[in-house]
Trainee: 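Here you go, one structure.
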Amino acid sequence: MSRAPDFSPPEVVAQERAHESPLSRMVRNSAFNAIGTLLIVPSNFLALFTLARRLGAQPLGTFFTIFAISAVIHWIADAGTTTVLTRRVARTPERLKEIIPEALGVLCVVCMVSSTLFLLIAVPWMAIFTDRVSLAVLIVAAAAMWSRHGLDFAANALRGLERFEYENLSRVVQTFTFCLFVWLWVYPSTGGALAGFIAYAASNFIAAALIWGVLLVKWRCSGFKLNREVITRWWSESIPLGAGDVVRQFLLQMDTLLLAAFRPQAIVGMFSIAARPLQPLQLLPRIIVSVTFPMLSRAAHVDRSAVNRLFEKTTSILWAASLPISIGISMAAEPMIVATAGPKFADAAVPLQILIWATGLIFINAQLRFVLTALDAERVYWRLICWTLAVKVVLEAIMIPLWGMYGACVGNLLGEAALCCGGMIALRKFQVAGPHWTRFLRPLPAAAAMAAVMWPFARSGASIVNLVGAGIGGGLLYVAVALASGVLPWADARRLWNSLKRPALVPALEPAAVVAMADTADAMPG
């Protein structure tokens with residue numbers, strides 16, 4: 001792969017970006033995201049299962065109840081400001097030295113709002129729905145939110161510059177250090193959930209310091225600006241998007257929160273072992289969608305048909321990428337959980353086998369926020385998410401009291417399906433359509449071939465080593481059959497390979513290049 005150009009002086013960001021074709025930038029940045037994700041996901045799983053083995057079901061349930069509350073509050077306080085930051089930098093990179101000081105002022109406000117709301121909500125929640133409240137745990141969790149906001153702001157600024165290597169480096173450092181700290185520190189004797197949040201906060205502070213150091217030193221854009229004009233401009237633009245983000249986080253955390261309200265903490269811990277693997281997997285679609293967002297932001301008002309073609313191809317690729325994940329994890333669920341979390345969590349296998357089939361919908365839905373934001377349709381996204389939340393709350397409020405964590409699993413699937421259908425309908429109003437339904441059938445022969453390879457090994461008490469070997473063999477067969485059946489035509493595979501070897505040199509910010517972006521989207525990597 002060709003070496004990424006150096007964007008050191010901010011004055012030449014746009015000019016240097018113009019020396020690479022859109023396809024070359026997508027390939028390069030997707031490669032950075034893919035490498036980062038391959039390193040992040042195993043660390044997340046290892047940390048999760050170490051927590052499960054060390055703490056047990058009830059303390060783990062407490063940890064993830066607080067984590068779910070903090071995740072929702074994080075997005076309430078963010079209010080879409082990080083996405084607005086990416087869009088502003090992507091559209092006017094020459095104004096970086098003006099944008100970053102304003103972003104630092106906004107970040108301070110976001111952190112104050114975040115920690116205040118978290119403590120106001122978490123303290124009564126834990127007092128009502130759990131048997132004890134640990135203020136030390138809540139204070140450390142609030143501190144972790146500050147560091148997480150800082151990491152997100154710097155990462156989104158660099159996304160606007162299409163420099164994804166630094167974001168991925170910082171997130172790899174965060175997950176590696178969190179995993180290391182969990183391994184070294186977290187035991188029942190060292191504080192249990194408190195030790196877990198200390199590890200989480202420390203890892204995020206280290207990663208945030210690293211990425212802000214890169215941004216402020218390499219791009220020389222330090223400063224601070226906060227006044228009424230900045231607040232008005234930023235939040236008038238971000239609040240519609242932020243409202244949608246908040247509701248989306250409610251959608252993702254609703255299962256855990258309702259279970260915590262209706263069922264004992266031990267059940268919440270059991271469900272968390274089944275549901276939490278889905279959260280690291282949500283990083284996978286961002287390999288593509290976070291890379292295309294800066295391009296979509298510039299292209300949305302230049303060539304709407306180009307946006308449509310890019311969305312159609314990306315949806316097909318994400319769907320095809322989700323199937324081998326769903327097949328592999330559903331067949332290896334029980335031995336994977338027993339080998340990692342321990343035999344006491346074996347009952348989480350069936351919920352995991354149900355939940356994992358939401359992966360395809362989650363992958364497709366990951367695009368909706370970015371595409372609608374690029375189209376300046378934040379209010380449409382907000383209305384879509386609110387409608388989906390209403391549907392999911394009604395379904396889960398009925399099913400969780402009746403069927404416990406199985407009701408939460410079914411509600412999760414139906415909620416993602418409702419969001420996907422509503423999103424496709426909303427995008428049609430902007431002349432952006434998903435692929436024809438027949439495109440979703442193309443990967444099925446490859447999926448059947450992979451399932452046939454893994455099926456003989458998928459039984460109770462199966463060896464995790466044998467299943468991993470079968471999964472690798474089945475995955476390779478999936479890729480071969482997918483290529484043969486036209487999921488990714490050979491011509492597109494060759495174009496992708498050529499872009500890796502020799503990036504084309506075309507202007508990136510001209511209308512002609514925007515059209516080329518969509519024309520070459522057929523070769524985007526999955």
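Just so we're clear, the structure is a prediction, and the values are computed from it rather than from any experiment.
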Trainee: Could you pull out all residues at least two apart from T315 that satisfy side-chain hydrogen bond (donor to acceptor under 3.5 Å, both in side chains)?
Mentor: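 Result, side-chain hydrogen bond (donor to acceptor under 3.5 Å, both in side chains) vs T315: Q367.
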
Trainee: State whether the side chain of T116 and the backbone N or O of V113 hold a donor-acceptor pair below 3.5 Å, judged by distance alone.
Mentor: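 It does not hold such a pair.
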
Trainee: Given side chains that start at C-beta, do those of L158 and L215 come closer than 4.5 Å, heavy atoms only?
Mentor: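 L158 reaches L215 side chain to side chain.
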
Trainee: Report the distance from atom CG of L117 to atom CD1 of I69, rounding to the nearest 0.5 Å.
Mentor: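 Going from CG on L117 over to CD1 on I69, the span is 12.5 Å.
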
Trainee: Below 4.5 Å, heavy atoms only, C-beta onward: do V182 and L51 meet side chain to side chain?
Mentor: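 Contact flag for V182/L51 side chains = yes.
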
Trainee: Can you confirm whether R428 is buried at CZ, in the sense that more than 12 heavy atoms of other residues, nucleotides or ligands lie under 6.0 Å from that atom?
Mentor: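 It does not: R428 CZ has 12 such atoms or fewer within range.
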
Trainee: Can you name the residues that form a ring pair (Phe, Tyr, Trp, His ring centres under 6.0 Å) with W212, not counting sequence neighbours?
Mentor: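 In terms of ring pair (Phe, Tyr, Trp, His ring centres under 6.0 Å), with neighbours along the sequence ignored, W212 is linked to no residue.
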
Trainee: Hey, does Y381 have a side-chain heavy atom less than 4.5 Å from the side chain of T373?
Mentor: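 Result no, sub-4.5 Å side-chain heavy-atom pair not found.
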
Trainee: Does any N or O in the side chain of S236 come within less than 3.5 Å of the main-chain N or O of R233, such that one atom is a donor and the other an acceptor?
Mentor: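 Judged by distance alone, yes, a pair lies under 3.5 Å.
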
Trainee: Within the 3.5 Å criterion, strictly below it, is a donor on R369 or T83 matched to an acceptor on the partner's side chain?
Mentor: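 Note: R369 and T83 side chains meet the donor-acceptor criterion.
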
Trainee: Just to verify, what does F181 make a ring pair (Phe, Tyr, Trp, His ring centres under 6.0 Å) with, not counting sequence neighbours?
Mentor: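 W185.
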
Trainee: Report the residues that fulfil ring pair (Phe, Tyr, Trp, His ring centres under 6.0 Å) with F197, sequence neighbours left out, ordered by chain and then residue number.
Mentor: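 Expected list: F63.
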
Trainee: Run the side-chain hydrogen bond (donor to acceptor under 3.5 Å, both in side chains) test against R95 and tell me which residues pass, sequence neighbours left out.
Mentor: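 Result, side-chain hydrogen bond (donor to acceptor under 3.5 Å, both in side chains) vs R95: E98.
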
Trainee: Name the residue from R148, H149, H74 that meets the side chain to side chain donor-acceptor pair (under 3.5 Å) definition with S114.
Mentor: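 Answer after filtering R148, H149, H74: H149.
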
Trainee: Starting from the C-alpha separation in whole Å, work towards a yes-or-no answer on salt bridge (Lys or Arg N to Asp or Glu O under 4.0 Å) for D376 and R87.
Mentor: CA-CA 10 Å; D376 295 322; R87 187 167 64 184; 3.0 Å; yes

Trainee: Applying side chain to side chain contact (heavy atoms under 4.5 Å, CB included), run through L419 and L361 and close with a yes or a no.
Mentor: CA-CA 9 Å; L419 178 59; L361 296 169; over 6 Å; no

Trainee: If we only count heavy atoms from C-beta on, is the R171 to I211 side-chain gap below 4.5 Å?
Mentor: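 The answer is no, as the side chains (C-beta and beyond) never meet within the 4.5 Å cut-off.
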
Trainee: First locate atom CG of L39, then atom CG of N168, and finally report the distance between them rounded to the nearest 0.5 Å.
Mentor: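 Atom-to-atom, L39:CG and N168:CG are 9.0 Å apart.
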
Trainee: Rounded to the nearest 0.5 Å, what's the gap from CG on L169 to CG on L210? Could you check?
Mentor: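 The CG atom of L169 sits 5.0 Å away from the CG atom of L210.
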
Trainee: Listed by chain and number, what are the side-chain hydrogen bond (donor to acceptor under 3.5 Å, both in side chains) partners of R88, not counting sequence neighbours?
Mentor: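 With sequence neighbours excluded, R88 shows a side-chain hydrogen bond (donor to acceptor under 3.5 Å, both in side chains) to E237, given in chain and number order.
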
Trainee: Write down the atom of P101, the atom of S222, and the distance for their closest heavy-atom approach.
Mentor: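 Taking every non-hydrogen atom into account, CG-O, 4.0 Å.
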
Trainee: Taking only residues two or more places apart in sequence, or in another chain, which ones meet F67 in a ring pair (Phe, Tyr, Trp, His ring centres under 6.0 Å)?
Mentor: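 Partners of F67 under the ring pair (Phe, Tyr, Trp, His ring centres under 6.0 Å) test: Y200.
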
Trainee: Of all heavy-atom pairs between A358 and N412, which one has the smallest distance, and what is that distance?
Mentor: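 Distance-wise, the nearest heavy atoms are CB-OD1, 3.7 Å.
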
Trainee: Find out whether V307 and F430 are in side-chain contact, i.e. whether some heavy atom of one side chain is under 4.5 Å from a heavy atom of the other.
Mentor: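 Heavy-atom side-chain distance check fails, nothing below 4.5 Å.
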
Trainee: Counting only N and O atoms by type, is there a donor-acceptor contact under 3.5 Å from the side chain of S115 to the main-chain atoms of A142?
Mentor: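 Answer holds: no.
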
Trainee: Suppose we screen for side-chain hydrogen bond (donor to acceptor under 3.5 Å, both in side chains). Which residues come up paired with E396, at least two apart in sequence or across chains?
Mentor: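 Checked E396 against side-chain hydrogen bond (donor to acceptor under 3.5 Å, both in side chains); zero matches.
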
Trainee: Sequence neighbours excluded, which residues qualify as side-chain contact (heavy atoms from CB on, under 4.5 Å) partners of E312?
Mentor: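 For E312 the side-chain contact (heavy atoms from CB on, under 4.5 Å) partners, ignoring immediate neighbours, are N308, P435, R439.
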
Trainee: Between atom CD of Q174 and atom CG of N44, what is the distance when rounded to the nearest 0.5 Å?
Mentor: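 Rounded to the nearest 0.5 Å, the CD-CG separation comes out at 7.5 Å.
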
Trainee: Taking the side chain as C-beta and beyond, is there a heavy-atom pair between L48 and F64 under 4.5 Å?
Mentor: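 They are in contact (side-chain heavy atoms under 4.5 Å apart), so the answer is yes.
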
Trainee: Return the minimal non-hydrogen interatomic distance between L226 and V106, and the atom names on each side.
Mentor: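 What the structure gives for the nearest pair is CD1-N, 4.4 Å.
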
Trainee: Donor-acceptor pair, distance only, cut-off 3.5 Å: does the side chain of S147 make one with the backbone of A144?
Mentor: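 Such a contact is found between S147 side chain and A144 backbone.
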
Trainee: Could you report the tightest heavy-atom contact between L104 and F224, atom names first, then the distance?
Mentor: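 Of all heavy-atom pairs spanning L104 and F224, the closest is O-CE1, 3.7 Å.
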
Trainee: Find out whether D78 and T81 are in side-chain contact, i.e. whether some heavy atom of one side chain is under 4.5 Å from a heavy atom of the other.
Mentor: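 They are in contact (side-chain heavy atoms under 4.5 Å apart), so the answer is yes.
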
Trainee: Is there a side chain to side chain contact (heavy atoms under 4.5 Å, CB included) between I99 and T92? Walk through the geometry before answering.
Mentor: CA-CA 9 Å; I99 295 172; T92 57; 3.9 Å; yes

Trainee: Which atoms form the tightest heavy-atom contact between G196 and F178, and what is the distance?
Mentor: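 Reported closest heavy-atom pair: O-CE1, 3.7 Å.
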
Trainee: As a quick check of understanding, evaluate side chain to side chain contact (heavy atoms under 4.5 Å, CB included) for I100 and W219, giving each step before the final call.
Mentor: CA-CA 10 Å; I100 295 302; W219 275 270; over 6 Å; no

Trainee: Any chance you could measure I206, atom CD1, to F176, atom CZ, to the nearest 0.5 Å?
Mentor: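 One finds 13.5 Å between CD1 of I206 and CZ of F176.
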
Trainee: Please round to the nearest 0.5 Å and tell me the distance separating atom CG of L107 and atom CZ of F153.
Mentor: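 Here the rounded value is 5.0 Å.
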
Trainee: Is C179 close to T50 at the side-chain level, that is, under 4.5 Å between some pair of heavy atoms?
Mentor: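 No. Closest side-chain heavy atoms not under 4.5 Å.
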
Trainee: Show every salt bridge (Lys or Arg N to Asp or Glu O under 4.0 Å) that has at least one partner inside residues 192-212, sequence neighbours left out.
Mentor: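 Residue pairs passing salt bridge (Lys or Arg N to Asp or Glu O under 4.0 Å), neighbours aside: none found.
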
Trainee: Under the side-chain contact (heavy atoms from CB on, under 4.5 Å) rule, collect the residues that match up with W387, sequence neighbours excluded.
Mentor: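 Partners of W387 by the side-chain contact (heavy atoms from CB on, under 4.5 Å) criterion, ordered by chain and then number, come out as V391, A418.
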
Trainee: Dump the intermediate steps for side chain to side chain contact (heavy atoms under 4.5 Å, CB included) on R228 and I231, then the final yes or no.
Mentor: CA-CA 5 Å; R228 180 176 296 179; I231 291 174; 5.7 Å; no

Trainee: Who are the side-chain contact (heavy atoms from CB on, under 4.5 Å) partners of L38, not counting sequence neighbours?
Mentor: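 Counting only residues at least two positions away or on another chain, L38 forms no side-chain contact (heavy atoms from CB on, under 4.5 Å).
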
Trainee: If you take all heavy atoms of L161 and P93, which pair is closest and at what distance?
Mentor: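 Taking L161 first and P93 second, the nearest heavy atoms are CD2-CB, 4.2 Å.
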
